[in-house]
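Right, one structure below, let's go through it.
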Amino acid sequence: MSQAEGPAVEVSEEVLEALRGASRVVALTGAGMSAESGVPTFRDAQSGLWEQFDPSQLATPEAWRADPPFVWAWYAWRVGLVRSVQPNPGHCALAELADLREVAVVTQNIDDLHERAGSTVLAHVHGSLLDFRCMDCGAPYDGEIEVPTEPVERLDPPTCPECQGDIRPGVVWFGEELPRAAFDDAVAALEALGPGDVCLVVGTSGIVYPAAGLPAVALSAGATVVEVNPQETDVSDMCHLHVRDTAARVLPTLVERVRSG
Ligand code: APR
């Protein structure tokens, strides 16, 4: 595993002790987990997607109904972006941690970087960018999709072979229900934690509910909740310990230190 670029990663003895003593770890990840792979987050100043694009025009069922080619074009561009990047050392470290501990990955991310790093993801609570289905009949779609390399204004979504409806991305838009089974699995994994287990909260601003309420489930279960995020967030108060650095720098260091005992 490669050594982190830049200054040494500072991780407290408490964090290491908590992870060394844990038999089970649930990792709750957000957009910051994929930032060092080149996938923009949503709310980081300047670089965040919602700094550049209006979510009400792109990430709601109403926006889709108003202009499917406009919304489809944006998601097709993001499919291209995700396909063009690689998991970062943070993703790889979480996959390696599963050799040392019982690890469950619960992510808000719609990319497949955890899976490409070798992790089994228990729950994509905000859906997946690479799952497509018909907006009308709901039939899954695994046909070819045109992927622009640069953002384009409009692109016609593919047509459903079943009902001729429009194909949409399998992501959860604002105002839509989260996938019930995925969310229930996430809550069950967190409730199953106990004193001595660890919940890692990595790269999320903790602004979007109900996912932002998940760290509190780990807290009530008695687990040690550790935040990995360069910034303070809306869930920092739900976390016992904090590592103010990036996912790709901190997670490899944690795994190395746990492995070396
Ligand atoms: N490593 C760790 N954390 C990072 C890194 C990094 N390299 N870079 C940024 N962060 C942190 C930021 O400090 C911020 O707290 O990641 C967080 C990203 O926050 P958001 O952009 O709000 O992303 P997220 O919390 O995942 O958003 C939740 O909002 O728009 C919806 O559905 C979308 O799933 C998304 C949800």
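Quick caveat: nothing in here was measured; it's all calculated off a predicted structure. By convention here, the first residue in the shown sequence is residue 1. In listed order, ligands and their atoms are each counted from 1.
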Among side-chain atoms of [X] and [Y], is any donor-acceptor pair under 3.5 angstrom?
X: T246; Y: E36; answer: yes
X: T29; Y: Q108; answer: no
X: E115; Y: H124; answer: yes
X: S23; Y: D197; answer: yes
X: E227; Y: T233; answer: yes

When you measure from [atom] to every protein heavy atom, which one gives the shortest distance, and what is it?
atom: atom 35 (C) of ligand 1; value: F42 CE1, 3.6 Å
atom: atom 7 (N) of ligand 1; value: E36 OE1, 2.8 Å
atom: atom 31 (C) of ligand 1; value: R43 NH2, 3.5 Å
atom: atom 30 (O) of ligand 1; value: W50 NE1, 2.8 Å
atom: atom 25 (O) of ligand 1; value: T204 OG1, 2.6 Å
atom: atom 1 (N) of ligand 1; value: A247 N, 2.9 Å
atom: atom 34 (O) of ligand 1; value: H126 ND1, 2.8 Å
atom: atom 12 (C) of ligand 1; value: D44 OD1, 3.4 Å

With [atom] as the reference point, say which of [options] has the nearest heavy atom.
atom: atom 11 (C) of ligand 1; options: D234, N229, D245; result: N229
atom: atom 10 (N) of ligand 1; options: S34, G30, G32; result: G32
atom: atom 26 (O) of ligand 1; options: A248, A31, S205, P55; result: A31
atom: atom 3 (N) of ligand 1; options: G203, A212, G127, S236; result: G203

[X] heavy atoms, cut-off 4.0 Å: which ligand 1 atoms fall inside?
X: T233; result: 15 (O)
X: T246; result: 1 (N), 6 (C), 7 (N)
X: Q231; result: 13 (O)
X: T41; result: 21 (O)
X: F174; result: 30 (O), 31 (C)
X: Q108; result: 28 (C), 34 (O), 36 (C)

* When you measure from the side chain of D245 to the backbone N and O of V250, does any donor-acceptor pair fall under 3.5 Å? -> no
* Asked: Does ligand 1 have any atom that is closer than 4.0 Å to a heavy atom of I207?
  -> no
* Is the closest heavy-atom distance from P230 to ligand 1 below 4.0 Å? ->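 For ligand 1, residue contact (heavy atoms, under 4.0 Å) with P230 is present.
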Do you know the tightest heavy-atom contact between [X] and [Y]?
X: P252; Y: A247; answer: CD-O, 3.7 Å
X: W64; Y: M135; answer: NE1-CG, 3.5 Å
X: H91; Y: S34; answer: NE2-OG, 3.3 Å
X: W74; Y: L58; answer: CB-CD2, 3.6 Å

* Ion pair D67/R154, N-O distance below 4.0 Å ->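 Salt bridge present between D67 and R154.
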* Look up atom CD in Q231 and atom OG in S236, then write down how far apart they are to the nearest 0.5 Å. => 9.5 Å
